[in-house]
Amino acid sequence: RKPAFRQPVVGLVPGKAFWSSKGPKPLLGTRSECESLPGFLSSEASVERVRGAFAVGSPLHIACHAEAARFGMGTARMQLEDGWFREDDLPDSVCSPVIFLSACETALGSLVPGVLTGSLAQALLSRGAGAVVSTQWQVRDDLTPIVAKAFWEHVRSGKSLPTALHLARNKIQDQSTHFAAFELSYG
């Protein structure tokens with residue numbers, strides 16, 4: 001599938017780009033990641049702004065911390081400027097043709113006792129997103145921007161989404177096994 005992009009891709013990144021002092025290290029590269037992507041509009045990633053962006057219909061790139069649902073935690077979530085973004089925060093309809101979730105564990109669901117929880121990627125696809133690039137496990141902050149930039153450059157040049165992701169993953173294949181974490185799913 002070759003998406004036609006007539007509007008700019010919206011890059012969303014939290015200005016703080018980290019959890020509390022007890023959480024993971026700051027993601028220092030997230031802002032430069034979004035700003036380095038070709039033809040992007042960048043914006044602060046608040047819960048309300050991200051929620052609204054899903055409903056607009058533009059291609060999206062979100063760079064932040066995320067984690068899959070775990071026992072006692074509830075649903076998968078992304079850390080944004082003003083708090084956690086969970087599945088419940090998604091609009092009923094997601095109109096984006098393609099979303100790149102530049103964050104850890106966004107393709108990972110979990111079996112919480114008695115409940116199978118879905119991933120952020122599954123939640124977006126079930127609400128209408130055309131395609132989602134997500135990650136199956138934790139990814140390195142220094143390599144993820146390389147994959148993201150290459151992916152969008154290949155998409156902009158007319159490559160199909162699967163080809164664009166394959167070529168982007170190849171950029172880091174010699175540096176780490178993290179290239180295998182990225183996957184593409186269609187709705």
[X] side chain to [Y] main-chain N or O, any donor-acceptor pair under 3.5 Å?
| X | Y | result |
| --- | --- | --- |
| E105 | A68 | yes |
| S96 | S58 | yes |
| T135 | A103 | yes |
| R169 | F182 | yes |

For the pair V98 and L161, evaluate side chain to side chain contact (heavy atoms under 4.5 Å, CB included) and give the outcome as yes or no after the intermediate values.
CA-CA 9 Å; V98 63; L161 295 178; 4.0 Å; yes
Over all atoms of both residues, closest heavy-atom pair of [X] and [Y]:
| X | Y | result |
| --- | --- | --- |
| C95 | A55 | SG-O, 3.5 Å |
| S119 | T106 | CB-O, 3.4 Å |
| P162 | L184 | N-CD2, 3.5 Å |
| L101 | A121 | CD1-N, 4.3 Å |

Say you draw a straight line from [atom1] of [X] to [atom2] of [Y]; how long is it, rounded to the nearest 0.5 Å?
| X | Y | atom1 | atom2 | answer |
| --- | --- | --- | --- | --- |
| F100 | S134 | CZ | OG | 9.0 Å |
| L124 | F54 | CG | CZ | 4.5 Å |
| C64 | Q79 | SG | CD | 8.0 Å |
| H65 | C104 | NE2 | SG | 7.5 Å |
| L125 | Y186 | CG | OH | 11.0 Å |
| Q138 | E67 | CD | CD | 9.0 Å |

Which residues share a side chain to side chain donor-acceptor pair (under 3.5 Å) with T163, sequence neighbours left out:
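Side chain to side chain donor-acceptor pair (under 3.5 Å) list for T163, sorted by chain: S160.
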Hey, quick one: are L167 and V139 part of the same hydrophobic cluster, counting side-chain heavy atoms closer than 4.5 Å, chains of contacts allowed?
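L167 does not cluster with V139.
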Among all residues two or more places apart in sequence or in another chain, which pass the side chain to side chain contact (heavy atoms under 4.5 Å, CB included) test with [X]?
| X | value |
| --- | --- |
| S126 | none |
| I146 | L143, K171, I172 |
| A164 | F151, H154, V155, K159 |
| E48 | S46, R51 |

Take R77 and F85 through the side chain to side chain contact (heavy atoms under 4.5 Å, CB included) test and state the conclusion after the steps.
CA-CA 5 Å; R77 58 193 188 167; F85 185 97; over 6 Å; no
One pair to check against side chain to side chain contact (heavy atoms under 4.5 Å, CB included): D89 and W84. What are the steps and the verdict?
CA-CA 9 Å; D89 295 314; W84 290 105; over 6 Å; no
Name all residues meeting the salt bridge (Lys or Arg N to Asp or Glu O under 4.0 Å) criterion together with R127; count only those two or more places apart in sequence or in a different chain, and write none if there are none.
E87
